[in-house]
Each structure stands twice: as C-alpha cells, then as structure tokens.
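Presented below is the structure to which this report refers.
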Amino acid sequence: MPELPEVETTVRGLQDLTGSRIERVAVNDRRLDVPRERLVGRVLSRIERQGKYIVCGLSDGSSLRVHLRMSGRLVRFASPSERKYTRLSLLLDRGRLDFVDPRRLGTVEYSQDGLPVSVGIDPTERAFTRQRLGAIVSGSRAPIKVLLMDQRRIAGIGNIYAAEALFAARIDPRRPGKSLSTKEIAAVHSAVRSVLAEAIRKLGTTLGESVSDYRQSSGESGGFQERLHVYSRNREACHRCGTTIDRIKQGGRSTYFCPGCQR
DNA sequence: CTTGTACCCTGACCGC
DNA sequence: TGCGGTCAGGGTACAA
C-alpha cells in the first residue's frame, strides 16, 4: 500500500509527537517483537522516513523502525473500525500512536544502535541526479520497472509510482535498463521526481474505502488517485492516446502501461 | 551475480 | 448465502 509519498505524508503528520514520552506499550500481535521495557520512559526524539521505513529515534540513541508493507498505517488514535486491527499502541504523555495493520504483513523492529536502515538512494534527494540513475539503469539488463522498484538501489518507489513515472516518461516498463539512451534516462529521472513530488503534494494515493487502504495519520484520504494514468486502469483508454491500457506481470507484480505511447 | 517463484496474511470482490 | 478463485500500495527466502 504505502510508497514513498504515503510514508512521507504519514511522517509529516506525526511530527508534533516528537518530544513525547512513552508511558506504556501495548503489543497485540505475536509476530511483532517489541521490547516494551526498553521503550517505556524513552522520549521520541525524532520521527523520520528512510525509504519506505518510518523511523522513530528514541532519547537513548536507539530507534523503532516501522515498515507498513501492504496494509499498515500509523494513526493518532485508532477509530472503532480500526480497533480490531491495531497491532501495537504507544501510549504517550501527550497523545498516542496506533499501528493498524489488517493483513499483518507490517514489521516493527527495535534497533539498539539506532543506525540508519540499509536502503538505496532516496529519489527525492539532491544526490539523486540523472547521472546517478544512469549508473543504476545502465548496469543491468533487468526491466526498467523492476530496477525502479529495487529498494537496495532506489528507496521508496513502489508499484503505483513506478508505473506512473514510466507512463510520464513514455518508456515501456519491459525495456532492459541497459537499453535506455541518455535522453530516455533523463526523461525517467525527471518523471520520477515530478510524479513523487506531485503525489506528496496530493498527500498520497487512496485507492479504496476498505480498512486496508491507505489514509493519512489523521484518517483523511490522499488525493493522487485522481491523477493516475495507468495504475489500476486495466482495459481503460489511455488519457494521452486512447489506446487500451494493458496489464502484465513483472517480478510477480502487476504492471500497468499504455502499449500505444510507452516505447 | 541474475531471474523467477512461493510465501507471509487478511479482506474484498467476482462468477457460479 | 456459500464456495472457490483472483487480486492487493511489500519484501524475503529460496531455487535455478
């Protein structure tokens, strides 16, 4: 569910919790290995995004890393419909933080040393230049869409934004990375940046109404779903050329693209 | 090293 | 209403 823009929106929505002290920790899922005794009494010193991870730095230098995977969200206070899916609650001196995750694929891990998560370059940062993307793309025969989604190389792009960026760049998702010209790499680079920036501006993509669908930490929907050109539009007409949008499988995931204008 | 597949888990939706 | 199949914003452990 959540990709870089959704995680970024979530983190921004939780900033006012920094400085809060953890008073109590409730774990409701055996799959989560959270050392409650190490958390209680600690203060949330910072809340930030690292790739698709949400990292809560604690006052003793340790940190709590949350990965939302497919259906997780962090909310201020679980609503009645979210109650039964609340897997972890941090009760704070000023408010509370609930980890809601219907599918239970999300992860929460405690890091004693608080070192950053090991992931690739953040595509929203200045260091993510077209040269940098070129080095990643030119060095592999893997399909460009798979490369964009490889978190060890680039951290934060998922299934929606990989598809949308390639549509914007007019590149066929099946093209081997190696086959892209310098000009095409520049187009992909520019598309990735603008699509992510716009999605952040729209506060993420909310696809449906179910409890598994992404919401902001406030519970509100995002707005980028109105801007989707290919994702989830199988068999509909391309907004640009009218060709029927196609859905194929790549790396076990659905890829949506327009066979008419993506080459 | 690469690529592909199964799997983790739950819920929604579709056709019969 | 029920049943079976498919699909889902992700990532990992394998096998080939």
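Residue numbers begin at 1 in each chain, while the letters A, B, ... track the order of the sequences.
- For the pair A/Asp101 and A/Arg103, the salt-bridge criterion is not met [side-chain N within less than 4.0 Å of a carboxylate O].
- Counting only residues at least two apart or on different chains, the side-chain hydrogen bond (donor to acceptor under 3.5 Å, both in side chains) pairs with a member in residues 35-46 of chain A are A/Arg46-A/Glu48.
- At a cut-off of 3.5 angstrom, counting only N and O atoms as typed in the model, there is no donor on one side facing an acceptor on the other between the side-chain of A/Arg253 and the base of C/dA8.
- The CG atom of A/Leu4 sits 11 Å away from the P atom of C/dG11 (whole-angstrom rounding).
- In this model, the phosphate group of B/dT5 is not approached by any side-chain N or O of A/Lys249 to a distance below 4.0 Å at OP1 or OP2.
- Under 4.0 Å is where a charged nitrogen must lie from a carboxylate oxygen, and between A/Arg49 and A/Asp122 at least one such pair does.
- Applying the salt bridge (Lys or Arg N to Asp or Glu O under 4.0 Å) criterion to A/Asp246, with sequence neighbours excluded, gives no partner residue.
- Residue A/Arg69 has no polar side-chain atom (N or O) positioned under 4.0 Å from OP1 or OP2 of C/dG11.
- Looking at A/Arg174 and A/Asp172, a side-chain N of the basic residue comes within less than 4.0 Å of a carboxylate O on the acidic one, giving a salt bridge.
- The list of side-chain hydrogen bond (donor to acceptor under 3.5 Å, both in side chains) pairs with a residue in residues 229-242 of chain A, not counting sequence neighbours, reads A/Arg233-A/Glu236, A/Arg233-A/His239.
- Within 3.5 Å, a donor on the side chain of A/Arg103 pairs with an acceptor on the base of B/dC9, or the reverse.
- Taking 4.0 angstrom as the limit, A/His67 places none of its side-chain polar atoms (N or O) nearer than this to OP1 or OP2 of C/dG10.
- Counting only Watson-Crick and G-U wobble pairs whose two key distances fall under 3.5 Å, DNA chain B forms stems of three or more stacked pairs at B:2-8 with C:10-16, B:10-16 with C:2-8.
- With respect to the salt-bridge test (charged N to carboxylate O, under 4.0 angstrom), the residues A/Asp16 and A/Arg76 qualify.
- The stretch residues 142-162 of chain A touches DNA chain C through A/Gln151, A/Gly158, A/Asn159, A/Ile160, each having a heavy atom under 4.0 angstrom from the strand.
- The stretch residues 207-235 of chain A comes close to DNA chain C through A/Leu207, A/Asp213, A/Tyr214, A/Tyr231, each having a heavy atom under 4.0 Å from the strand.
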